[in-house]
Amino acid sequence: MPSTTSKSSFGQTLHFITDIKLQELEKQRIAYQSHAKVLEDAKALGDSGDIIKKVEILAKAVKAWTGSGSVDAFEKLVGNKLELSNLEFWLQQAKNDPSFSREIAEGWASTLEKHIHHNIVRFDAAKLFGNLFNEWLASGDSVAVVYEEDADQKNVASEGETGADFVEIGRKEMYEQKEKLVSIIFDDYPIDVSKLKEYLEGLFESEEGTKALEKLRKEIKYFSRWLQRNPITSNDVRNTIKGLLASGLMDEEKRTTLKAFQENQIVIDEIASVLTMRMAGIDSWTWPKEGILIEFRRHLNGKYRAFTDPEIIDALLLHYIGVTWQVKLKACLLKIFEGKAWLRSDPPNHKAKEQRIEQLRGDDGSSSIDAERKDAQKQHFFMTQLQSSASNTRPYDENQVDDHNSKELQDSSKIKQKLLHIMTTECYLNTALHGSHAAVCSDLEWFGPSLPHTSILTILEFFGMSKTWLGFCKQFLSAPVYFPGESESRVRRRGTPISYSLSTLCGEAIMAIMDIAVNQRANGLYLYRMHDDLWLWDADPKKVADGWAEMNKFAGLVGLTFNQKKTGSAYVGPPNESASRLPVGEIIWGFLKFDPAQSRFVINQADVDVHIAEMRRQLASTKSVFGWINAYNKYMAFFMRNFGGIPANCFGKTHIVSMIETLARIQRELFPVTGTDSNDGGAVGYLRKTLRERFGVADLPEGYFYFPIGSGGLELRNTMLELFALQQRGKPLSTYTYDDDSSDNSENGDVSDASDTSSEPDTDISDDSDAYDLDKDATMPEQMFVKLMEGDRQRYNRFQEVWDRDEDKRRAKHTVFYLQGVEDKFMSFEDFTSLRESWLSGWGQVYNYMLCLPDEFPLKVVPALRESMDKWKWNSTGWYEKWVVSMYGEEIVKKFGGLEVVDPNLIPVGMVQLFRSSRMKLDQ
């Protein structure tokens, strides 16, 4: 466990570095206060009427100052207006030219006075900045680099080292979850192995399935032998350390050690040698006899998770093995997904395909809805918990990572949001085309902790894993563990430990069978899955009901239970007997619930209320301004993620308005305005009041609270802004056309290829003779596919007309093809409409448009800020940062003389990075 000494020395170092800068800052601030007394002398001269002398005194003072805020030695430019070298020449003219205007000289004086005044203000802001950082460091509000989320609990966990008495801390939820965990993991769950094996074989009983299974087993068997004999390289070790650091498994002392390993090639080489030897004797690997400690960590969603903390070499070995097996198993299962054993609609034969391409003027089906579905399924939902390569890293789930700027968290959240968008779009599509839509969502109760070891080992054996590796997996699963305060360990009989790559492998091996079972037993239905979050939908409620029944059958065989609180279904359409077989309950996604009456997701305000109360409690527990902002920003990001993030086009304006209203309600309930001053409302109002009470600082411009901390601001996040930007505009789905004669620049009358999807979604895809305008319905996504259906007859007629007249010369070019006996007759309208999902690129483009995230409102820069903007690298910054500068830049410049609130040289840069990477310490 990390020692108190290591934490203390780290904190002392941070304080020491910061104190040096802050001491220097204070010296300069005091010196400048004395230097700025020249303003009093200048005022006296101005009152006496000697304006030229006043300018000379001010200019001399500006040139004499060499500390922070001094004029650039080369440019000598003051306030972006006055060049000091020019001023010397102009002053000579002013002294000797009787006609020289006094107003010009007063302008010089004003510019110089403002420069001095701005430096005074910036020094005051820098002092406040330093005070805020010192307050934050002393408060313990955030878990900074070496601290875990639950620092106090880690100290308790190390009671064996300190000899202190064990004191239980934590909230009721932690004790409840611990009690539940203990009731699960130490009791074996009986599995009927023979029935499970019979079920597994039955899933591959078809001819294609048998071939696929044989190939899978052959590859896994060969890989089992290869892995044990393959030497581990230094590059493998580097990838393993990187992955282990991303997993969140290790305590901070070991994380620091791993980071040190990364910088030493000799150590890397030695570790590679040790791991290779360990791998050669993998059949004799065991956990330490004394066992490993289980400790709880709490996350923003209120859940506690039980983590273990292995020794470094064991952790590296286990992670390397787990990732290497993940990569192999995923590659093998992807071959099944893409092969003939996986049930999906049969493609047309070669001649039928060629004829279809000709009649649809080059549309080859590669941009259809079905093509987009398969790509999304493969890229985002099929075995995505397994790594595709050793260099790819991802956490167990987004709740492991508190930093909302983490790339892994962003990727995980984006996939969840994509599922939400697909489900919504599919509902509109199915109800338009088929008149009905059925959906089921669920997850598995205590999935990781409750996985029976027998089920895991049976399925791994079914896939072809060798006895040596099965024995190793059994050892890994049967870990001796103990909780804080316990003196003896107990052998784990059930479940997998959190954050191990091997645990992910075991869980995904189980769930891969569920994926295959739904596909095989529900007529090709696809199980959209993220780990153990499970989603089914289709226009046919029977397929969904069959899929749900198969999921229950498989879960019963392997010893898993569905979480009834998170299981629900929805059906949109006329009464249907199969719909009654769907599970009872609502479909919930984050803080959203599906409303069948509106055929869309709406915000569940009751859930929001619960988290408002929790957020209020966590904010109240902070002891520093920066700690408060850290907590506030992370909670607001948490709300946004659970509202579905930035809504895709399929959500429409109604949902955006609802999100904005809910975020506003959160603000009002957290920060009710009690007085008559409207500036006291919201997060900014709270911070104004706090800075006034704690530091005596007032009269700060609003932009100060939003400006980046690297520029001396507080970096408070305004979550509504991007939503307001979406309300203002959006790239509309304007005129869609399959062809446009105006684009025909060929001499023989060839028209643009409909399969070309390189253009943006707002290109034309409807009939060129009477363009079908969807722009008026751009804010009504539920009408998109209905309107598209209404235009299909018109588009079909145009295709047929071009074909019959051979306007594009396609038939003439392919005379040989038609002499081979294919009927030279255009498809029927029924055949054409049957291709809406499976082939037509126009439908595919509308489908893709529904899933697209709209761009933000294009911001324009006022001329007065253009020069200051150059320092911000305007073109490389994100929309939000551009908004902050565009909205508040002018008042910041007016107050501080530039866009830097504090001189960057005076800011403890290390502290800034520490603040940004620190994790919120949750009040237990």
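Within 6.0 Å of CD in Glu290 there are more than 12 heavy atoms belonging to other residues, nucleotides or ligands. Around atom CD of Glu198, no more than 12 heavy atoms belonging to other residues, nucleotides or ligands sit under 6.0 Å away.
For an aromatic pair to be called close, the ring centres must be under 6.0 Å apart, and Phe651 with His421 satisfies this. The ring of Phe562 has its center closer than 6.0 angstrom to the ring center of Trp548. Taking the centre of each ring, Phe307 and Phe296 stay at or above the 6.0 Å mark.
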Step by step, would you call Tyr482 with Ile294 a side-chain contact (heavy atoms from CB on, under 4.5 Å)?
CA-CA 6 Å; Tyr482 64 95; Ile294 292 180; over 6 Å; no

Walk me through it: do Tyr500 and Thr308 pass the test side chain to side chain donor-acceptor pair (under 3.5 Å)?
CA-CA 9 Å; Tyr500 289 83; Thr308 58; 2.8 Å; yes

Criterion side-chain contact (heavy atoms from CB on, under 4.5 Å) on Ser436 and Tyr571, from CA distance to verdict:
CA-CA 7 Å; Ser436 62; Tyr571 174 68; 3.7 Å; yes

Checking salt bridge (Lys or Arg N to Asp or Glu O under 4.0 Å) for the pair Glu201/Lys195: CA distance, chi angles, key distance, verdict?
CA-CA 10 Å; Glu201 295 288 349; Lys195 281 189 177 181; over 6 Å; no

As a quick check of understanding, evaluate side chain to side chain donor-acceptor pair (under 3.5 Å) for Arg665 and Gln605, giving each step before the final call.
CA-CA 10 Å; Arg665 181 171 76 84; Gln605 298 295 339; 2.6 Å; yes

For a side-chain contact (heavy atoms from CB on, under 4.5 Å) check, start with the C-alpha distance between Lys180 and Ser183, then their side-chain angles and the critical distance, and finish with the verdict.
CA-CA 5 Å; Lys180 179 67 175 178; Ser183 71; 4.0 Å; yes

Working for side-chain contact (heavy atoms from CB on, under 4.5 Å), residues Lys593 and Phe601
CA-CA 5 Å; Lys593 62 181 179 181; Phe601 284 92; 5.7 Å; no

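Looking only at side-chain heavy atoms (C-beta outward), Leu560 and Ile510 come within less than 4.5 Å of each other. Considering only heavy atoms from C-beta on, Asn563 stays 4.5 Å or farther from Leu444 through its side chain. Between Leu592 and Ile588, the closest side-chain pair of non-hydrogen atoms is not below 4.5 Å. Between Asp192 and Leu557, the closest side-chain pair of non-hydrogen atoms is not below 4.5 Å. The side-chain heavy atoms of Ser489 and Val481, taken from C-beta on, include no pair separated by under 4.5 Å. The shortest distance between side-chain heavy atoms of Leu536 and Met551 falls below 4.5 Å. Side chains of Leu477 and Arg492 form no contact here, defined as non-hydrogen atoms less than 4.5 Å apart. No side-chain heavy atom of Val491 sits less than 4.5 Å from a side-chain heavy atom of Phe186.
A search for side-chain contact (heavy atoms from CB on, under 4.5 Å) contacts involving Leu460 returns Ile456, Met465, Leu470, Cys473, Ala509, not counting sequence neighbours. In this view, Thr454 and Ile191, Val193, Thr458 satisfy the side-chain contact (heavy atoms from CB on, under 4.5 Å) rule, not counting sequence neighbours.
We find the CG-OG distance between Asp532 and Ser442 to be 9.0 Å, quoted to the nearest 0.5 Å.
Geometrically, Lys178 engages Phe483 in a cation-pi contact defined by less than 6.0 Å to the ring centre and at most 45° from the axis. By the 6.0 Å and 45° rule, Arg641 does not stack over the aromatic ring of Phe591.
Of all the heavy atoms in Ala479 and Ile292, the pair that sits closest is CB-CD1, 4.4 Å. Contact between Ser658 and Ile603 at its shortest, heavy atoms only, is OG-CD1, 3.5 Å. Residue Tyr428 comes nearest to Ser599 through the heavy atom pair CE2-O, 3.4 Å, listed as atom of the first residue, atom of the second, then distance. In this structure, Gly559 and Tyr189 approach most closely via the heavy-atom pair CA-CE2, 3.4 Å.
Pairs of residues two or more places apart, or lying in two chains, that qualify as salt bridge (Lys or Arg N to Asp or Glu O under 4.0 Å) and include a residue from residues 534-549 are Asp538-Lys543, Lys542-Asp546, Asp546-Arg581. The side chain to side chain donor-acceptor pair (under 3.5 Å) contacts involving residues 550-562 comprise Tyr199-Glu550, where partners must be two or more places apart or lie in separate chains.
Using a cut-off of 4.0 Å between Lys/Arg side-chain N and Asp/Glu carboxylate O, Arg255 and Glu252 are scored as salt-bridged. Taking a cutoff of 4.0 Å between a charged side-chain nitrogen and a carboxylate oxygen, Glu338 and Lys378 qualify as a salt bridge. Remark: Arg494 does not engage Asp188 in a salt bridge, criterion side-chain N to carboxylate O under 4.0 Å. Salt bridge present: Asp533 and Lys416 bring a charged side-chain N and a carboxylate O closer than 4.0 Å.
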Report, one line per pair, each donor and acceptor closer than 3.5 Å where one atom sits in a side chain of residues 521-529; sequence neighbours left out.
residue, atom, partner, partner atom, Å
Arg521, NH2, Gly202, O, 3.1
Tyr526, OH, Gln377, O, 3.3
Tyr526, OH, Phe382, N, 3.4
Tyr528, OH, Gln377, NE2, 3.1
Arg529, NE, Asp515, OD1, 3.0
Arg529, NE, Asp515, OD2, 3.3
Arg529, NH1, Glu508, OE1, 3.3
Arg529, NH1, Glu508, OE2, 2.8
Arg529, NH1, His531, O, 2.9
Arg529, NH2, Glu508, OE1, 3.2
Arg529, NH2, Asp515, OD2, 2.9

Using a 3.5 Å cut-off and no angle test, enumerate the donor-acceptor pairs between side-chain atoms of residues 324-337 and protein atoms at least two apart in sequence or in another chain.
residue, atom, partner, partner atom, Å
Thr324, OG1, Tyr320, O, 2.6
Gln326, OE1, Gln387, N, 2.9
Gln326, NE2, Ser501, O, 2.8
Lys328, NZ, Glu219, OE1, 3.0
Lys330, NZ, Leu386, O, 3.2
Lys330, NZ, Ser388, OG, 3.0
Lys335, NZ, Glu219, OE1, 3.4
Lys335, NZ, Glu219, OE2, 2.9

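Partner of Trp285 under the ring-ring contact (aromatic ring centres under 6.0 Å, His included) criterion, chosen from Phe472, Trp469, Phe476: Phe472.
Classified by interplanar angle (parallel below 30°, tilted 30° to 60°, perpendicular above 60°), the ring pair Phe638/His611 is tilted.
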